[in-house]
Structure formats: structure tokens, C-alpha cells
K.L.:
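This is the structure I want to talk about, given as C-alpha cells.
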Amino acid sequence: MPEDIIDQAELDKLIENAISEPLVTHIYTADPSAHVFDDKIYIYPSHDIDAGIPFNDNGDHFGMEDYHILSMETIDSAAVDNGVALHVNEVPWAERQMWAPDAAKKNGKYYLVFPAKNKNGIFQIGVATSNSPIGPFKAEPLPIKGSYSIDPAIFEDDDGSFYLYFGGIWGGQLQKFRNNQYSEDYELPKDEEPALGPIVAKMTDDMLQFAESPKEIKIVDNNGATILSGDNERRFFEASWVHKYNGKYYFSYSTGDTHFICYAIGDNPYGPFTYKGRILEPVIGWTTHHSICEVNGKWYLFYHDSSLSKGITHLRSVKVNEIKHDEDGFITCLQPYKL
């Protein structure tokens, strides 16, 4: 729930009636990507700081510099901050804005994927590796060839293949690309035109590059028509995530300026994905970003809000709450604050 549309009394009431509490309170964390590795929960979030950068629509005030990885023995235990796992100064190609990351495990090795702006101010996606899920991670000297935009999310399919989903409009720069090519002349489609979709690419066996040219994903309505650019309550904005349930692929994402987490269902990793509804109503703060993780047979939504900072949009805190799929596979939408 954006802080500019509620007064202080309403903000205080929402905070008091939140359905969950921040997992850590000594630092600000956001954009949580949660995984279970070796029967332990690991959360790969952004690390919010007050960088003193003026607010703008490009998100320059989100000036994050490093990553702290959180771990939990069980879903009910306290989260542990394992310290700095990777700093922007340790990434040869990156200059600033270490935004939402994700991680994967393959053959006993751990891979941290992350976006950052290069020296030309263009977002790309990098990979860093470690023998431990908490790092420290060593970054590859160059970003993934052909990568762009933000919010990488790794999905491992049942056959052991890994797919990288990414993309975000506005500050995420996705609107400046068509067919994987950048141009300053490109802009968002008109309201009555099909919305820009997120991007997906299968990863190489070594997890360091794309194994194919990235492809745009279509999010469609029940009639098979692509969601339109002006459909702000359903179209993709940022924050891709994929989980699999009963053989179906669930693509979930943020609608950005309307502040919903929504989901769509498909039959394969490339889509198309058919819009099915919302997972999370708006939270305190402008942004919303999530992941979905199965822990001991139950499903959990990891998300953030700005309750700990009393509504400061770029100072967020990671939370978690159980979600449920009904008998038809639809996800029951969460209201983050008790009404």
C-alpha cells in the first residue's frame, strides 16, 4: 500500500495489524528469493540502505551495494544474517545498484545471479559462485552475454534443466529492448497494444551463460489474448518467479504501479501463461516483490513491506506467510494486514 495515499494513523494501524513480522530488524532487506538447500531455508534478498539519492521513477534511490544471505533452520525459527556475501566493489563489470538477486544449487556448487548497472548505466545480469550457500561468492569477470534488465529468477525443472527469468519495466529498462536489442528510441507499448512480457532463457550446463537466445513470455487472458500494456492491474511490471505445482508451471510477478503480486499458469517453462489472479494485495511501500517456496510439504510466500521503516519505500523488510493452493490449483490471495 503506497505510503503517499495513507495518513500516519492509517499507516500505524496497518503495521499493528500485519499478518507477519520482519524476519530480521537490524538491517533492511527486500526482494526475497527463498530456497531449501540440504533441508535448510536460505533467503537471498536485496540489502536496502539509505543512499541519500533523490527519489525518481527510475528507482535511483534504491542504491543497494551488497548482498546479505539469511538462513533459517525451520520456517518458525529465527532468521540468521550471514554477513556480506558479495559487494559491488567485488564485481569487475558492475558500478552500482545491486538489485534483486536469486540463487541456485547444482552439483554441490552455489550460483548467485544478480543485476547491476554497468559503467554505461545499463542493467545486466551477473553470476557469482561459491561452495557454500551463504558465500562468500566470487563474481565472474563479465556479465552473462546477452543479458539485460533486472530481477533474475532461476527455476530448476524436474529434468534438471535451469531457466533464468528476468525483466522489469521503468527503471528496469525492459522497455528499451526489442528482440534482445537495446535502443534509446524504444518506449513502452501504447495502452491498447500488447504489454511487454518477461524474458526467459535456458542456462548452459555450467550455469554461467545462456544456452539459447532469450525469449519473451506471453501472459494471456482466459481467451488467449495477450494482456494489454494499459491493463495495469494484470500486466507484468517486474519480479518474475516460477514454481511448479501438480505438473503446472506458475509464473508470478509484480504489477508495479498497481502494487499487486499476480500469477498465471502454463504447461511449460516458456509459457504462454494464462492469468489466474492475485497472490498478494498491496503492502506498505511502493514496491512489492516475492518468491514462493515449498517447505516440508507446505507452500510459503516470502515478500517484503516497509512497515519497519514506517513507510519509507526504499527501506523494506522481508516477511513470510503460508499460502495455499485450492483443489483446482488456484492460489488463495493473501491480505497482508488484518482488516
Side-chain angles (χ1 to χ4, degrees), residues 32-44 100-115 125-133 137 140 143-149 151-167 180 197-220 224 236 239-253 263-276 279 290-302 323 325 328-331:
S33 294
H35 297 273
V36 175
F37 296 138
D38 301 320
D39 298 320
K40 190 172 180 178
I41 304 163
Y42 295 92
I43 306 162
Y44 299 83
D102 194 14
K105 178 185 179 183
K106 183 177 182 181
N107 297 331
K109 198 169 186 177
Y110 299 88
Y111 299 84
L112 183 71
V113 290
F114 59 94
I125 297 169
V127 182
T129 58
S130 177
N131 291 321
S132 167
F137 283 84
E140 292 294 303
I144 298 172
K145 186 178 180 180
S147 68
Y148 54 94
S149 198
D151 291 356
I154 302 180
F155 169 71
E156 181 182 7
D157 209 348
D158 298 335
D159 64 357
S161 298
F162 287 83
Y163 298 85
L164 189 70
Y165 297 82
F166 59 95
N180 304 317
I199 310 297
V200 61
K202 192 174 184 179
M203 298 297 289
T204 53
D205 287 341
D206 64 7
M207 300 287 283
L208 301 180
Q209 299 291 336
F210 295 145
E212 60 188 2
S213 296
K215 301 173 175 63
E216 184 178 3
I217 292 169
K218 295 298 182 185
I219 301 174
V220 301
F236 171 80
S240 299
W241 190 261
V242 173
H243 76 281
K244 200 170 184 179
Y245 181 80
N246 283 351
K248 296 289 187 177
Y249 297 81
Y250 286 64
F251 180 85
S252 48
Y253 58 97
Y263 74 105
I265 298 177
D267 294 322
N268 67 78
Y270 298 100
F273 294 93
T274 303
Y275 178 90
K276 294 300 179 184
I279 299 174
H290 71 298
S291 61
I292 296 171
C293 183
E294 185 179 13
V295 183
N296 294 328
K298 294 184 177 181
W299 291 89
Y300 293 89
L301 181 76
F302 291 78
I323 57 171
H325 304 75
D328 296 315
F330 299 128
I331 298 174

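Source: prediction; values computed, not measured.
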K.L.:
If you look at every heavy atom in Ile154 and Ala103, which pair is closest and at what distance?
P.N.:
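Smallest heavy-atom distance, with atoms named: CD1-C, 4.2 Å.
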K.L.:
Give a yes or no on whether Asn268 atom CG has more than 12 heavy-atom contacts from other residues, nucleotides or ligands under 6.0 Å away.
P.N.:
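Yes.
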K.L.:
Using a 4.5 Å cut-off on heavy atoms from C-beta on, say whether the side chain of Ile265 contacts that of Thr274.
P.N.:
no
K.L.:
Would you say Asp328's side chain and Phe330's backbone share a donor-acceptor pair under 3.5 angstrom?
P.N.:
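The answer is no, because no donor-acceptor pair under 3.5 Å joins these two groups.
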K.L.:
Parallel, tilted or perpendicular for Tyr253 and Phe236, by the 30°/60° rule?
P.N.:
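Tilted: the ring planes of Tyr253 and Phe236 meet at 30° to 60°.
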K.L.:
How close do Pro198 and Phe251 get, heavy atom to heavy atom, and via which atoms?
P.N.:
CG-CZ, 3.3 Å
K.L.:
Kindly indicate whether the side chain of Tyr110, heavy atoms from C-beta on, has any atom under 4.5 Å from the side chain of Phe137.
P.N.:
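Result yes, sub-4.5 Å side-chain heavy-atom pair found.
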K.L.:
Going through the checks in order, is the side-chain contact (heavy atoms from CB on, under 4.5 Å) test met by Tyr148 and Phe166?
P.N.:
CA-CA 8 Å; Tyr148 54 94; Phe166 59 95; 4.1 Å; yes
K.L.:
For a 4.5 angstrom cut-off between non-hydrogen side-chain atoms, does Leu164 reach Ile125?
P.N.:
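Yes, at least one pair of side-chain atoms sits under 4.5 Å.
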K.L.:
Could you check whether the rings of Phe37 and His35 sit parallel, tilted or perpendicular, using 30° and 60° as the cut-offs?
P.N.:
parallel
K.L.:
Say whether, by atom type as modelled, one donor and one acceptor occur between the side chain of Glu156 and the main chain of Ala104 under 3.5 angstrom.
P.N.:
no
K.L.:
Any donor-acceptor pair under 3.5 Å linking the side chain of Ser33 with the backbone of Pro101?
P.N.:
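Side chain of Ser33 to backbone of Pro101: a pair is present.
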K.L.:
Minimum heavy-atom separation for Pro32 to Ile43, with atom names?
P.N.:
CB-CG2, 3.6 Å
K.L.:
Side chains of Tyr249 and Asp157: is there a donor and an acceptor less than 3.5 Å apart?
P.N.:
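Checked: Tyr249/Asp157 side chains pair up, N/O donor to acceptor below 3.5 Å.
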K.L.:
Indicate yes or no for a side-chain donor-acceptor contact from Trp241 to the backbone of His290 under 3.5 Å, with no hydrogens or angles considered.
P.N.:
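Answer holds: no.
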K.L.:
Would you call Ile279 and Ile292 a side-chain contact if the rule is heavy atoms closer than 4.5 Å?
P.N.:
yes
K.L.:
From Tyr165 OH over to Ile199 CD1, what is the distance, rounded to the nearest 0.5 angstrom?
P.N.:
12.0 Å
K.L.:
Below 4.5 Å, heavy atoms only, C-beta onward: do Pro115 and Pro152 meet side chain to side chain?
P.N.:
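Sidechains of Pro152 and Pro115: in contact.
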K.L.:
Output the distance between atom CZ (Phe155) and atom CZ (Phe162), rounded to the nearest 0.5 Å.
P.N.:
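These two atoms lie 10.0 Å from each other.
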K.L.:
To the nearest 0.5 Å, what is the distance between OH (Tyr250) and NZ (Lys244)?
P.N.:
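Going from OH on Tyr250 over to NZ on Lys244, the span is 12.0 Å.
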K.L.:
Are side-chain heavy atoms of Leu208 and Thr129 found at a separation under 4.5 Å?
P.N.:
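In short, these two side chains touch, coming nearer than 4.5 Å.
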K.L.:
What are the two closest non-hydrogen atoms of Tyr245 and Gly329, and how far apart are they?
P.N.:
CE2-CA, 4.3 Å
K.L.:
Would you check if the side chain of Asn180 reaches a backbone N or O of Gly146 as a donor-acceptor pair within less than 3.5 Å?
P.N.:
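Checked: no pair found.
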K.L.:
Just to verify, what does Lys105 make a salt bridge (Lys or Arg N to Asp or Glu O under 4.0 Å) with, not counting sequence neighbours?
P.N.:
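With neighbours one apart ignored, the set is Asp38.
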K.L.:
Do Ile331 and Lys276 have side chains that approach each other closer than 4.5 Å (heavy atoms only, starting at C-beta)?
P.N.:
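Side chain of Ile331 against side chain of Lys276, heavy atoms only: no contact under 4.5 Å found.
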K.L.:
Would you say the side-chain atoms of Asp102 pair up with the backbone N or O of Ala153, donor to acceptor, closer than 3.5 Å?
P.N.:
no
K.L.:
A quick test of your reading: do over 12 heavy atoms of other residues, nucleotides or ligands sit less than 6.0 Å from NZ of Lys40?
P.N.:
yes
K.L.:
Aromatic rings His325 and Trp299: how do their planes relate, parallel, tilted or perpendicular, breaks at 30° and 60°?
P.N.:
perpendicular
K.L.:
Do Tyr163 and Tyr270 make the cut of ring centroids closer than 6.0 angstrom?
P.N.:
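So the answer is yes for these two rings.
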K.L.:
Which residues pass the salt bridge (Lys or Arg N to Asp or Glu O under 4.0 Å) test with Lys215, sequence neighbours left out?
P.N.:
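For Lys215, the residues satisfying salt bridge (Lys or Arg N to Asp or Glu O under 4.0 Å) (neighbours in sequence not counted) are Glu212.
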K.L.:
What is the minimum heavy-atom distance between Phe302 and Cys293, and which atoms define it?
P.N.:
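Distance-wise, the nearest heavy atoms are CE1-CB, 4.0 Å.
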K.L.:
So, the side chain of Lys106 versus the backbone of Gly160: is there a donor-acceptor pair under 3.5 Å, distance only?
P.N.:
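The answer is no, because no donor-acceptor pair under 3.5 Å joins these two groups.
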K.L.:
Looking at Asp206, I want to see if its CG is surrounded by more than 12 non-hydrogen atoms of other residues, nucleotides or ligands under 6.0 Å.
P.N.:
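Yes, the 6.0 Å shell around CG holds more than 12 heavy atoms from other groups.
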K.L.:
Determine whether Met207 and Val113 satisfy the following criterion, side-chain contact (heavy atoms from CB on, under 4.5 Å), listing intermediate values before the conclusion.
P.N.:
CA-CA 10 Å; Met207 300 287 283; Val113 290; over 6 Å; no
